Amino acid sequence: MKYSQLLAPTLREDPADAEVISHKLLLRAGYIRRVTSGVYNYLPLGLRVLRNIEAIIRQEMNHAGAQELLMPAVQPGDLWQKSGRWEKYGPELLRFKDRHDHESCLGPTHEEVICDLVARELRSYKQLPMNLYQIQSKFRDEIRPRFGLMRGREFIMKDAYSFHADQQSLNAEYQNMFDTYKRIFTRLGLKFRPVEADNGSIGGSASHEFHVLAESGEDLITHCSACDYAANIERAQSRRATPAGSDSELTEVNTPNVTSAEDVAAFLGADIALLVKTLVYRIEGGPHDGQCVAACVRGDDALQEIKLTRAVQATALQMASDADISDIGGITGFIGPRALSSLVIFDESLRQADGLIAGANKVDTHVTGLNVSRDIRDAQFADLRQTREADGCPRCDGTMSYSRGIEVGHVFELGTVYSEPMEVIFQDQQGKRSVASMGCYGIGVSRLIAAIVEQCNDADGIAWPAHLAPFQVVIISMGKSDACMDVCEKLYHELKQADIETLWDERKERPGVKFKDAELMGLPIQIIIGDRGLENGVVEIRERGRDKQEVAQEAVLSSVRNLLDRE
RNA sequence: CGGGGCAUAGCGCAGCCUGGUAGCGCAUCUGGUUUGGGACCAGAGGGUCGGGUGUUCGAAUCACCCUGCCCCGACCA
């Protein structure tokens, strides 16, 4: 490609609305342009990188025995009615009607469509297992798209769906995909970590996320210093020492105007861990839709909302208003678990606890000596607390620490959550009708572009791993003589012949401009050809970020090959 | 959804407080000089000042409404 014909509008300054480094650099280097909130054009450079990433994913997926197909972006509402998600899926699902007034939506994911397809074609267990994948644009009407390609509304995803006759087969494929993902992210040159994850609204049982470790990551993950336990904070567990309270009578104490856990502990001279914080939420969705739930955690713990959401099978939670709280018999500031009319759930750490302090649901009053199993009838427990840095590992003696991560992959065991309502049924070995169990496996392909740039950049711009770069080589013409241009052109054709993706910067620009652009774009190898060197029959080759070296004119191709092979 | 901020040329910004018909840098075009790390000189093009309503002799500037975008929060009993 000749530079003068390439649409790669580079920007000298950071765009005002870009926050993270990948967003800034992808805009500045001419890889992407915004169309509307969370929706981007991939310019030629961006598309080339996307294709390079896709190629690796395809290779590994195919190698793992999956087969590629392509499903539609527009999906009929009927299928979503059938799976039950037309109601369950929130406003992220962009719905519309076509000219015939048929309910439709833009696919945020493709379980319904794949199940519909497979249900029609699947007859015998002999056809199983099978793993079908596609690389497709998805649309999710995110509340808050941000950080460029990191969280878009329209984005490109590789999603795979496997179908199985039995659990054992599903387990095997889950492991197969887990290993495949590790290979893919390793080949992409990423620092990543698989972590145990919450299943979210998609349902199912086992699930792991693959996170690229980066400061700008939107997720918080916690991992053990000693073993390989790692989990998303949304479901992470940990060991912590809880102080033993002493067994005592339930007693009301006067706590005038003292409301926060810190203040109550200080006021009563008690360990804050003996406080019970009671947080009230209004439940949206699920069997308790519209009701309130009171969640109790220790005074020094924070509630992990996702855990609570799961515990009450909700789709979302909203902090309760003061009015909601008084409706269930509580008083803001002095709320406690006793005698509330709502659902009350305690964190597991309160199960065997004595001498706790909680709000008394009376103005200016708390109770001491609370023992949950003694004083609360039919108490319900769940893991609700958020782990804290330096907690103990739940699996070994190690300690837990936090990192930020960008979720680039997710593998799920779905079981029959979708195949059952979608009637993905086959005849098993015994001749009986049986529901296929499923796994699903996603990779955020466009998000990967951002994640890679987050890890591969320096003061001059992007620094692509050579095999992902839009061009492996850029020829920078320095001289203005015809002879120099002839040499450049000849080399350009040679490299192209050799299947090396080459950009020839033949613009009438000053050298500095060409260097800056090449480095901003992150092209790994520069070949610098000027009149001065040509007098001695040499050209310069420089790997991005390294010192240049002189090479005889005839040896350029082999030198470039060597550099690329070393990758 | 809640809170904050922004919207002026392709990009980055000033002008607004104190109303008088729009400016700077980069980019673009023309000519010239330059040419090993984002050149210089001279000239030129490009803006319904996000949209609407109002106040006023007069609105980028003041008021109200709308739209779009960015950031923060979604831990508080």
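These numbers come from the heavy atoms of this one structure, side chains and all, not from hydrogens, waters or symmetry mates. Chain letters run A, B, ... following the sequence lines, proteins first, then strands; residues in each count from 1. Here the structure is a predicted model, which means the values were calculated and not measured.
Judged as a ring pair (Phe, Tyr, Trp, His ring centres under 6.0 Å), and not counting sequence neighbours, A/Phe515 has no contacts. Scored by the ring pair (Phe, Tyr, Trp, His ring centres under 6.0 Å) test, A/Tyr42 finds no partners at all (sequence neighbours excluded). Residues meeting the salt bridge (charged side-chain N to carboxylate O under 4.0 Å, His left out) test with A/Lys2, sequence neighbours left out: none. With sequence neighbours excluded, no residue satisfies salt bridge (charged side-chain N to carboxylate O under 4.0 Å, His left out) with A/Glu234. Residues meeting the ring pair (Phe, Tyr, Trp, His ring centres under 6.0 Å) test with A/Tyr281, sequence neighbours left out: none.
The side chain of A/Leu520 has B/G38 as its nearest neighbour among B/C70, B/C75, B/G38. Taking only side-chain atoms of A/Glu305, from C-beta outward, the nucleotide of B/A74, B/G36, B/A39 with the closest atom is B/A74. With B/A77, B/G36, B/C71 as the choices, the nucleotide that has an atom nearest any side-chain atom of A/Thr259 turns out to be B/A77. Closest to the side chain of A/Val280, out of B/G36, B/G38, B/A77, is B/A77.
If A/Glu19 and A/Ser260 are placed on RNA chain B by their nearest nucleotide, the residue sitting closer to the 5' end is A/Glu19.
Remark: the separation of the C1' atoms in B/U34 and B/G68 is 45 Å, to the nearest Å.
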If you restrict it to nitrogen or oxygen atoms, what contacts under 3.5 Å exist between nucleotides 31-34 of chain B and the protein, and what is each distance?
{"unit_1": "B/U34", "atom_1": "O2", "unit_2": "A/Arg510", "atom_2": "NH1", "d": "2.8"}

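Within residues 325-359 of chain A, the residues approached by RNA chain B to less than 4.0 Å at the level of any non-hydrogen atom are A/Ile325, A/Thr332, A/Gly333, A/Phe334, A/Ile335, in residue-number order. The stretch residues 365-392 of chain A touches RNA chain B through A/Gln386, each having a heavy atom within less than 4.0 Å of the strand. Taken residue by residue, residues 539-547 of chain A places heavy atoms nearer than 4.0 Å to RNA chain B at A/Glu540, A/Arg542.
When the options A/Leu523, A/Asp460, A/Val474 are evaluated for a side chain to side chain contact (heavy atoms under 4.5 Å, CB included) with A/Arg544, the one that passes is A/Asp460.
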List the atom pairs, donor and acceptor, that lie under 3.5 Å between side-chain atoms in residues 256-263 of chain A and the rest of the protein, sequence neighbours left out.
{"unit_1": "A/Ser260", "atom_1": "OG", "unit_2": "A/Asp263", "atom_2": "N", "d": "3.2"}
{"unit_1": "A/Ser260", "atom_1": "OG", "unit_2": "A/Asp263", "atom_2": "OD2", "d": "3.1"}

For residues 374-381 of chain A, dump all side-chain donor-acceptor pairs below 3.5 Å to protein atoms at least two apart in sequence or in another chain.
{"unit_1": "A/Arg374", "atom_1": "NH1", "unit_2": "A/Asp247", "atom_2": "OD1", "d": "3.4"}
{"unit_1": "A/Arg374", "atom_1": "NH1", "unit_2": "A/Ser248", "atom_2": "O", "d": "3.2"}
{"unit_1": "A/Arg374", "atom_1": "NH2", "unit_2": "A/Ser248", "atom_2": "O", "d": "3.2"}
{"unit_1": "A/Arg374", "atom_1": "NH2", "unit_2": "A/Gly369", "atom_2": "O", "d": "2.8"}
{"unit_1": "A/Asp375", "atom_1": "OD2", "unit_2": "A/Asn371", "atom_2": "N", "d": "2.9"}

> Which is it for A/Tyr3 and A/Trp504 under the ring pair (Phe, Tyr, Trp, His ring centres under 6.0 Å) test, yes or no, and what are the steps along the way?
Replying inline: CA-CA 6 Å; A/Tyr3 198 119; A/Trp504 175 20; over 10 Å; no

Q: Begin with the C-alpha distance, continue with both residues' side-chain angles, and end with the deciding distance and a verdict on salt bridge (Lys or Arg N to Asp or Glu O under 4.0 Å) for A/Lys480 and A/Asp531.
A: CA-CA 8 Å; A/Lys480 50 182 176 171; A/Asp531 289 322; over 6 Å; no

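We find that NZ of A/Lys480 is positioned 14 Å from C1' of B/A39, with the value rounded to whole Å. The interatomic distance linking A/Leu275 (CG) with B/C76 (P) rounds to 15 Å, in whole Å. Taking atom CZ of A/Arg507 as the reference point, atom C1' of B/A27 lies 13 Å away to the nearest angstrom.
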Protein heavy-atom contacts under 4.0 Å, written 5' to 3' over nucleotides 1-15 of chain B as B (base), S (sugar-phosphate only) or - (none), form the string B----------SS--

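A salt bridge is defined here as a Lys NZ or Arg NE, NH1 or NH2 lying under 4.0 Å from an Asp or Glu carboxylate O, and A/Arg28 with A/Glu13 fails to meet this definition.
A/Ser477 and A/Glu506 are not linked by any side-chain donor-acceptor pair at a separation below 3.5 angstrom, with hydrogens and angles left out of the test.
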